[in-house]
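Letters A, B, ... are given to chains in the order of the sequence lines, protein chains preceding strands, and every chain is numbered from 1. All of these numbers come straight from a predicted model, not from anything done at the bench.
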Amino acid sequence: MGKITLRNVTKKFGEVAVIPSLDLDIEDGEFVVFVGPSGCGKSTLLRLIAGLEDTSGGIISIDGVDATAMPPAKRSLAMVFQSYALYPHMSVRKNIAFPLKMAGMDAAAIDKKVEGAAKVLNLTSYLERRPGQLSGGQRQRVAIGRAIVREPKAFLFDEPLSNLDAALRGNMRLEITELHQTLKTTMIYVTHDQVEAMTMADKIVVLQAGHIEQVGSPLDLYNHPANVFVAGFIGSPRMNLVTGADADAESATTIGVRPEHLDISTTAGKWAGKVSVAERLGSDTFLHVAVPGHGSMTARGAGEVALSHGDTVYLTPQSGKVHRFGADGKNLA
Amino acid sequence: MSTQSTRAAARLMVAPSVILLFIWMIVPLAMTIYFSFRLYRLLSPDRTGWVGFNNYAWFLNSPDFWVAIVNTLLLVGGVLIITVVLGILIAILIDQPIWGQGPLRILVISPFFVMPPVAASIWENLFMHPQNGLLAAASRGLGYEPILYLESYPMASVIFITAWEWLPFATLILLTALQSMSSEQMEAAEMDGASALSRFRYLVLPHLSRAITVVILIQTIFLLGIFGEIFTTTQGGPGNASTTLPYMIYKQALIAKDIGRAAAGGIIAVILANIVAVFLMRAIGKHLDA
Amino acid sequence: MARTVTTNQKITYTFFAWAVGLIIFFPVLWTILTSLKTEASAVASPPEFLGADWTLQNYADVWQRSDYPRFFWNSVIISIGSTLLGLAIAIPAAWSMAFVPGKRTKDLLMWMLSTKMMPAVGVLIPMYLLFQKTGLFDTRIGLILALMLMNLPIIVWMLYTYFKEIPGEILEAARMDGASLKNEILYVLTPMAIPGIASTMLLNIILAWNEAFWTITLTTVDAAPLSAFIASFSAPQGLFYAKLSAASTMAIAPILIVGWFSQKQLVRGLTFGAVK
């Protein structure tokens with residue numbers, strides 16, 4: 001019902017090819033996250049799927065039908081914008097009802113649907129308020145309500161949590177994931193936050209400069225990054241990437257080890273250095289270690305680690321946890 | 001965000017305004033140029049013909065013309081200086097912690113909404129009038145003979161009236177700009193040890209420079225065409241003492257009814273306005289971005 | 001350094017600020033006061049302040065016993081007429097420039113601004129002659145057209161800046177919600193644009209009401225609005241100060257009141273959006 005296919009999709013702004021040529025398959029019911037640094041084209045890609053931008057080439061199919069020339073209204077897709085894009089002059093009720101009104105539904109049916117959506121999203125007591133009178137999280141829910149009510153083939157989310165404070169973000173992340181489990185509709189979610197990507201996605205699409213770097217499940221990307229870029233992008237704190245003699249010893253141009261795969265010792269180990277900063281979160285401690293010749297490396301210790309600025313420390317990668325990358329950046333495994 | 005069909009519709013919607021303004025600019029201007037080279041007097045319409053640059057020569061040779069140019073520049077320059085300087089000072093004053101800023105703003109901006117003929121009439125009759133005016137009464141009260149403002153100092157009087165009308169505009173714009181200054185910037189400067197005067201010189205004035213630029217540009221556009229005030233009070237007199245270029249052209253057109261000459265004058269005015277505009281844009285254009 | 005302003009400082013600032021304000025406002029105040037005096041009281045020497053003879057007769061006289069109402073209604077019709085006509089032409093233009101900008105849009109806007117820089121005297125001759133020939137001279141329609149053309153650049157610019165402030169995402173949301181172009185404009189754009197349109201309307205009425213060049217040069221008797229009336233009324237003979245003041249007060253009162261509420265619009269409109 002919500003299968004979306006992209007073949008050879010390109011997008012140019014003037015002479016600049018923001019998306020050179022892209023193929024992608026999104027299965028019905030999947031929660032797909034487009035993730036990547038600023039300017040990688042993820043929002044553009046979303047807007048192409050939505051129909052808010054014309055493609056410069058290629059085909060976009062929705063459920064097997066070529067939708068490339070279809071206007072947004074006809075694609076049966078719903079979008080939740082980063083700024084929520086609520087209609088400021090309409091009440092919450094009217095906001096949620098708007099798409100149904102545009103579809104020509106009769107008033108009684110509209111009311112029923114609106115109230116149903118409001119109940120699911122805990123908005124019933126706010127139905128008569130205006131967006132201006134709501135908090136950020138409430139506005140978010142209204143935006144989602146407006147999307148749900150249309151029973152679209154797929155939901156498109158454009159960085160919906162960026163404007164919320166940290167605590168709220170955590171809650172909304174759960175709510176959106178639960179929503180997906182309830183509705184089982186395809187969801188395409190754009191974010192620059194790789195934590196959101198890892199926790200919410202069935203499938204992650206990592207983008208850089210309009211190219212797909214890798215498509216896979218979160219753990220796929222975590223355990224088997226296809227290249228240096230994905231390796232450095234997925235996982236927080238960032239994977240430690242080492243070049244030079246240590247890499248040559250492994251027959252690679254670059255080797256990478258995640259902070260959580262480094263053993264910390266005060267006595268002996270592969271890499272020696274001095275702790276520059278120790279970040280104590282209570283549940284973990286992240287040590288930033290200045291290793292001569294390798295700059296700064298990060299290592300994770302469980303719980304509280306009794307090391308601080310100036311202490312000498314030895315880091316050793318756990319066996320089997322070293323990733324090897326060739327001269328072209330690709331994973332050698 | 002746009003597709004083919006919306007783009008076509010858009011072009012259609014812009015068309016009427018563009019066409020109208022284009023016609024409004026080109027056609028009358030072309031006609032004025034045409035008439036400026038001809039002999040054409042409404043009182044003797046049969047005598048017409050091509051006279052080349054005679055009409056222009058008449059202006060350039062007429063002492064009245066040069067007086068008018070000077071008066072025009074005096075008017076624009078004088079009003080600009082008065083309104084900008086006083087505007088900044090008054091804006092700063094109003095921006096201080098005071099009671100009743102709202103009502104005060106209303107008082108201060110009022111002169112701008114008084115139409116020019118009424119403004120001129122008020123000053124001419126109620127204040128500057130040698131017998132019944134308040135200023136005359138004040139003079140007499142102090143033991144002096146009342147000054148015949150409009151007779152003895154016609155241009156200065158016109159400048160004064162016009163400045164009174166436009167001071168609120170400058171003040172309002174500058175006050176708006178002043179109040180849009182981020183207080184954090186000022187607080188940072190305070191913590192850095194800057195005195196009030198330094199803060200004014202290094203923070204406030206640069207921030208205001210854009211608004212000042214806009215004020216000067218906009219006011220110049222309007223000040224070059226000041227008419228109602230002169231028409232109501234001095235009619236350009238005594239003699240040509242308070243005649244500006246627009247007024248002189250008006251006299252040629254509607255009083256002397258010499259179309260040819262008035263047209264030439266109009267073209268000269270357009271050239272003058274363009275010169276001023278070029279100067280202005282170059283000097284302060286960098287502050288503007290559309 | 002003390003963070004709070006002392007009451008003494010506040011009193012001083014308030015005193016000076018209000019002194020300046022009252023000086024600036026005084027001519028208007030004096031006019032209103034004079035309009036409420038008898039003629040004798042108005043020209044009394046030394047001038048009478050509080051001890052004058054007060055009356056409302058001047059207003060009655062001006063309104064009932066002279067042509068004043070005709071000039072007043074001319075002003076009303078011409079201001080509102082030229083504003084509505086201008087809006088009708090400018091709204092589509094500003095809409096398309098704000099939402100479907102082309103490569104030339106910026107240039108187009110700057111060109112419109114430049115047409116306002118041209119001095120009116122440059123086109124006085126052709127306008128005068130054209131109006132005479134087409135019978136538009138001394139008609140309200142003629143003035144509506146002339147003033148509309150004068151102010152069109154300002155109207156377009158002002159609407160453009162207001163339209164640009166409508167977040168594009170909201171219109172996109174409407175499109176995703178299935179709204180056709182017509183519905184998008186009807187249900188979303190127009191309600192959000194109404195405050196901007198109203199502000200533009202207000203400013204333009206002010207500018208048209210106060211216009212004192214075309215209203216004087218292109219009229220004689222029939223279509224003359226208040227600006228022309230007062231301008232010629234100020235002749236040396238037949239001066240009746242109190243009545244003149246009453247006529248003046250009535251001429252400026254509507255715009256003064258409208259203006260008091262339009263400060264923000266004024267700033268935006270007359271600076272072509274450069275200062276907000």
Side-chain angles (χ1 to χ4, degrees), chain B residues 1-2 6-7 10 13-14 16-17 21 24-25 28 31-32 35 90 93-94 96-99 104 106-108 110 113-118 121-122 124-126 132 134 137 172-173 176-177 211 214 218 221 224-225 227-228 231-232 246 249 253-254 259 262-263 266 269-270 273 277 288 290, chain C residues 5 10 13-14 16-18 20-21 24-25 27-28 30-31 34 43 45-47 89-90 92-93 95-97 100 106 110 112 115 117-127 149 152 156 168 210 212-213 216-217 227 230-231 234 244 248 251-252 255-256 259-260 263 267 270-271 274-275:
Chain B
M1 191 174 147
S2 53
T6 42
R7 269 195 285 266
M13 292 198 281
V14 188
S17 51
L21 281 176
W24 159 249
M25 273 220 73
M31 285 176 72
T32 307
F35 283 121
I90 296 177
L93 184 56
I94 298 181
Q96 301 303 319
I98 58 174
W99 281 296
L104 181 59
I106 289 178
L107 289 189
V108 168
S110 293
F113 299 112
V114 177
M115 62 169 88
V118 171
S121 161
I122 291 176
E124 177 187 24
N125 295 305
L126 298 184
N132 305 314
L134 257 190
L172 185 59
I173 306 283
T176 305
V214 172
I218 303 291
I221 296 174
L224 281 175
F227 177 79
F231 181 86
T232 309
I249 297 167
L254 267 62
I259 302 296
V270 171
L288 263 184
Chain C
V5 179
K10 203 165 175 189
Y13 286 136
T14 306
F16 280 110
W18 274 87
V20 168
I24 293 178
F25 187 70
V28 178
W30 188 243
T31 307
T34 308
V43 298
S45 182
I89 298 174
W95 187 96
S96 62
M97 287 200 269
V100 196
K106 274 271 142 72
M110 290 313 290
M112 285 194 180
T115 65
M117 290 205 216
M118 187 174 68
V121 282
V123 295
L124 172 59
I125 289 301
M127 287 293 282
L149 287 168
L152 195 57
V156 172
N210 285 353
F213 180 75
I216 294 177
T217 55
S227 45
I230 301 278
S234 228
L244 178 62
S248 300
I252 64 177
I255 296 303
L256 259 184
W260 288 342
Q263 296 178 49
V267 171
L270 284 183
T271 60
V275 179

Which answer fits [X], side chain, backbone, both or neither, if we ask what part of it has an atom under 4.5 Å from a heavy atom of chain B?
{"X": "C:I125", "answer": "side chain"}
{"X": "C:L256", "answer": "both"}
{"X": "C:I216", "answer": "side chain"}
{"X": "C:S248", "answer": "both"}
{"X": "C:V123", "answer": "both"}
{"X": "C:A120", "answer": "neither"}

key: Max heavy-atom pair count under 4.5 Å with chain B, selected residue of C:A251, C:P27, C:A212, C:A90   = C:P27

request  = Mind listing the closest non-hydrogen atom pair of B:S121 and C:L244 along with its distance?
outcome  = OG-CD2, 3.7 Å

inquiry  = Ignoring hydrogens, what is the shortest heavy-atom contact between B:L107 and C:I24? Give both atom names and the distance.
reply    = O-CG2, 4.4 Å

Mind ranking [options] by heavy-atom pairs under 4.5 Å with chain C and telling me who comes out on top?
{"options": "B:A137, B:P97, B:P116, B:P16", "answer": "B:P97"}
{"options": "B:G225, B:A269, B:S110", "answer": "B:S110"}
{"options": "B:I218, B:I94, B:V108", "answer": "B:I218"}

Portion of [X] that has a non-hydrogen atom of chain C nearer than 4.5 angstrom:
{"X": "B:I221", "answer": "side chain"}
{"X": "B:L126", "answer": "both"}
{"X": "B:I106", "answer": "both"}
{"X": "B:L224", "answer": "neither"}
{"X": "B:A273", "answer": "side chain"}

Test log, rule side-chain contact (heavy atoms from CB on, under 4.5 Å), inputs C:W18 and B:L104 = CA-CA 7 Å; C:W18 274 87; B:L104 181 59; 4.0 Å; yes

query = Does some side-chain heavy atom of C:L152 sit less than 4.5 Å from a side-chain heavy atom of B:W24?
reply = no

